2 protein chains.
Amino acid sequence: MADDVTDPLEIRPGYQLKRAAAAAMSDLNDRLSVLDLRQVDASVMLMIQAEPNVIASHIGRVLDIKSANMVPLLRRLEERGLIEKVPLDGKSHGLHLTAAGETIMIEANAILDRFETDLMERIPAEHREHLAPALRAIWHSDT
Amino acid sequence: MADDVTDPLEIRPGYQLKRAAAAAMSDLNDRLSVLDLRQVDASVMLMIQAEPNVIASHIGRVLDIKSANMVPLLRRLEERGLIEKVPLDGKSHGLHLTAAGETIMIEANAILDRFETDLMERIPAEHREHLAPALRAIWHSDT
DNA sequence: AGAATATTGCTATATAAGATAGCTATAAAT
DNA sequence: ATTTATAGCTATCTTATATAGCAATATTCT
């Protein structure tokens, strides 16, 4: 039996969204793996880079990472010498990229830029500009 | 510190895709939970409904479900009396919905339709029609 | 027909992401 | 000053999916 039978899920946008995200995220993970970084690592470091001295709980709030999961994530990055913590007061630490962290982020940003260029290039031109606004609407109106 | 600091990931379509998918899938899982079905269960049953007598390995190929994971999935559905297996030859089984399976799929299809209507309604009208083609392009050109 | 190969469905186990529950110390609010 | 909220943390659980491999059967090739 050839696999040309109509997939009843092909017409469902929810399924398209899931499969597109899975394909894209798998691709990105492969690309980031050469730096031994996961997406979540890169996104956290991106936030630290954008706002040095940011605290962990703020990153967690923005990126939806539970503090229980943030702790080992930051510890790994710190142990690799990519970030450092500077005490702000008795309980908070400002996060910063180290020199090594800045260096790896040059490559990480290049990978992310390339990934996104490739991602957008897959999309026919007439649909391309609509993707980000549509996705943002889905995400931000989620209750 | 108010959380109005610019999120450096807001501008990245890859991140938008991930967050939109996560929000939508979480929503859908909540809705399907009233039937005690997960998305993957519903999608498998949808394929069986669309093509009675389909075999498990075909579903796995189309939906990207490993046979090791298909086995317990089908067993649960069979134990709940929602599907049944009819031997086709010495090693394959044709899958069918039972009467109970047909009944639950009436509700499941209603939930899916409603979910997708709500999903699309969140998107501003001028972007709406572009979402599915854009997502399909991302998914299907994935190597 | 016989031999080699591929497919189907399966078991058992590993991995990885993320969620839950709860705790201590500190800071902020009343 | 007392209460409440926040930051960071530990330990553990759940869940989805991946890996490795197997026996029986079907298919393909010579």
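Lettering follows sequence order; numbering is per chain, from 1. In this text, all values refer to a predicted model and were calculated from it rather than measured experimentally.
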Engineer: Separation of B:His58 atom NE2 from D:dA26 atom P, in whole Å?
Structural biologist: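 Taking NE2 of B:His58 and P of D:dA26, I get 20 Å after rounding.
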Engineer: Name the residue closer to the 5' end of DNA chain C, choosing between A:Ile65 and A:Gly90 according to the nucleotide with the nearest heavy atom.
Structural biologist: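 Its nearest nucleotide being more 5', the pick is A:Ile65.
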Engineer: Of all heavy-atom pairs between A:Ala20 and B:Leu17, which one has the smallest distance, and what is that distance?
Structural biologist: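 Minimum heavy-atom separation between A:Ala20 and B:Leu17: O-CD2, 3.9 Å.
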Engineer: Determine the minimum heavy-atom distance between B:Leu35 and B:Ile104, stating which atoms define it.
Structural biologist: O-CD1, 3.9 Å
Engineer: Is there a donor and acceptor pair, one atom on the side chain of B:Asn69 and one on the base of D:dA16, closer than 3.5 Å?
Structural biologist: no
Engineer: Tell me, please, the opening and closing nucleotides of DNA chain C, 5' to 3', among those with an atom under 4.0 angstrom from a non-hydrogen atom of chain A.
Structural biologist: C:dA17 to C:dA27
Engineer: What are the two closest heavy atoms between B:His127 and A:Ala134, and how far apart are they?
Structural biologist: CB-CB, 4.1 Å
Engineer: Figure out the CZ/P separation between A:Arg19 and D:dA16, and round it to whole Å.
Structural biologist: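 The distance from CZ of A:Arg19 to P of D:dA16 comes to 17 Å, rounded to the nearest Å.
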Engineer: Report the distance from atom NE2 of B:His93 to atom P of D:dA26, rounded to the nearest whole Å.
Structural biologist: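 Taking NE2 of B:His93 and P of D:dA26, I get 11 Å after rounding.
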Engineer: Ignoring hydrogens and geometry, is there a side-chain-to-backbone donor-acceptor pair from B:Arg31 to B:Ile111 under 3.5 Å?
Structural biologist: no
Engineer: I need the NZ-C1' distance between B:Lys66 and D:dT19, as an integer number of Å.
Structural biologist: 10 Å
Engineer: To the nearest Å, give me how far apart CG (A:Asp89) and C1' (D:dA7) are.
Structural biologist: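 Rounding to the nearest Å, CG of A:Asp89 and C1' of D:dA7 are 9 Å apart.
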Engineer: I'd like to know if A:Arg80 and A:Asp41 make a salt bridge, using a cut-off of under 4.0 Å between side-chain N and carboxylate O.
Structural biologist: no
Engineer: Please tell me which of B:Leu74 and A:Ala68 maps to the more 5' nucleotide of DNA chain C, matching each residue to the nucleotide holding its nearest heavy atom.
Structural biologist: B:Leu74
Engineer: Base, sugar-phosphate, or nothing for A:Ser92, non-hydrogen atoms under 4.0 angstrom?
Structural biologist: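 Since only primed, P, OP1 and OP2 atoms lie under 4.0 Å of A:Ser92, the category is sugar-phosphate.
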Engineer: Could you pick out which residue, B:Asp64 or A:Ala56, lies toward the 5' side of DNA chain D when each is mapped onto its nearest nucleotide?
Structural biologist: A:Ala56
Engineer: Would a distance-only check, ignoring hydrogens and angles, find a side-chain to backbone donor-acceptor pair under 3.5 Å from B:Gln16 to B:Glu10?
Structural biologist: yes
